[in-house]
Participant: 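Could you have a look at this structure, given as C-alpha cells, before my questions?
For this chain, numbers begin at 1 and follow the sequence in order.
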Amino acid sequence: MARPSAHTPEVAAEICDRIAGGESLRRICEDEHLPSMSTVCLWVVDNREQFSEQYARARRAQGTLMADQIAEIADTGSGDTARDRLRVDTRKWYLSKVLPKLYGDKVEVEHSGTPEIVVRVID
C-alpha cells in the first residue's frame, strides 16, 4: 500500500506534536498512516502551509525536552556511569548539531590591529 504524501494540517500537527514529545522523525515516519521521511523533509523545504516554521518550533521544543533529560540523567544516575555519560553526551552532541544557535559551541572571533591594505596598479 502506498504511503500518504498529501499535506494536511492534521498530519502536520501529529508529526510536530510527536517530535516535540521527543520522538525521532525516523520513528514517527515508520507509522503506515504517515508519510515517509523524504516526504516530510520535502514539506520542510517547500514550506507547505508554513510547515517549516511549525517543524522548527517542534524541534526547539524537542531540544528543551532533551536539555531537561540531560539534567535528569545527571541528577539521578542509573548506577551505570558509563551509560549515563553516553546518554548525556549523545544528547549534547545531537542538540549542538540540530539546534546550533541554542546549544552549539559559542565561537568568538576577535580582531586586533590595523589591517594592511595593498593596492597594485597594473598597466
Participant: Which pairs, with at least one residue in residues 25-61 and sequence neighbours excluded, count as a ring-ring contact (aromatic ring centres under 6.0 Å, His included)?
Facilitator: His7-Trp43, His7-Phe51, Trp43-Phe51, Phe51-Tyr55
Participant: I'd like to know if the side chain of Ser96 and the backbone of Trp93 have a donor-acceptor N/O pair within less than 3.5 Å.
Facilitator: yes
Participant: So how far is it from Thr39 OG1 to Arg3 CZ, rounded to the nearest 0.5 Å?
Facilitator: 8.0 Å
Participant: Passes side chain to side chain contact (heavy atoms under 4.5 Å, CB included), Leu25 versus Arg59? Steps please.
Facilitator: CA-CA 10 Å; Leu25 182 59; Arg59 284 294 186 188; 3.8 Å; yes
Participant: Same hydrophobic cluster for Tyr103 and Val88, using side-chain heavy-atom links shorter than 4.5 Å among ILVMFWY?
Facilitator: yes
Participant: Taking atom CG of Leu34 and atom CZ of Arg27, what is their separation to the nearest 0.5 Å?
Facilitator: 14.0 Å
Participant: Is the shortest side-chain heavy-atom distance between Arg18 and Asp31 below 4.5 Å?
Facilitator: yes
Participant: So how far is it from Glu23 CD to Ile15 CD1, rounded to the nearest 0.5 Å?
Facilitator: 11.0 Å
Participant: Tell me yes or no: between the side chains of Arg57 and Gln54, is some donor less than 3.5 Å from an acceptor?
Facilitator: no
Participant: Closest approach of Pro35 and Val11, non-hydrogen atoms and distance?
Facilitator: CD-CG1, 3.7 Å
Participant: In Å, rounded to the nearest 0.5 Å, how long is the span from CG of Asp89 to CZ of Arg91?
Facilitator: 11.0 Å
Participant: With sequence neighbours left out, what residues match Asp80 under side-chain contact (heavy atoms from CB on, under 4.5 Å)?
Facilitator: Ser78, Ala82, Arg83
Participant: According to a 4.5 Å side-chain heavy-atom criterion applied to Ile, Leu, Val, Met, Phe, Trp and Tyr, with indirect links allowed, do Leu65 and Tyr94 form part of one hydrophobic cluster?
Facilitator: no
Participant: So, taking the atom named CG in Asp84 and the one named CD1 in Ile70, what distance separates them when rounded to the nearest 0.5 Å?
Facilitator: 12.5 Å
Participant: Once rounded to the nearest 0.5 Å, what's the spacing between atom OG of Ser36 and atom CG of Leu42?
Facilitator: 8.0 Å
Participant: Work out which heavy atom in Cys16 is nearest to a heavy atom in Ala58; give both atom names and the distance.
Facilitator: O-CB, 3.4 Å
Participant: Tell me whether Val98 shares a hydrophobic cluster with Leu95, the cluster being built from Ile, Leu, Val, Met, Phe, Trp, Tyr side chains joined at under 4.5 Å.
Facilitator: yes
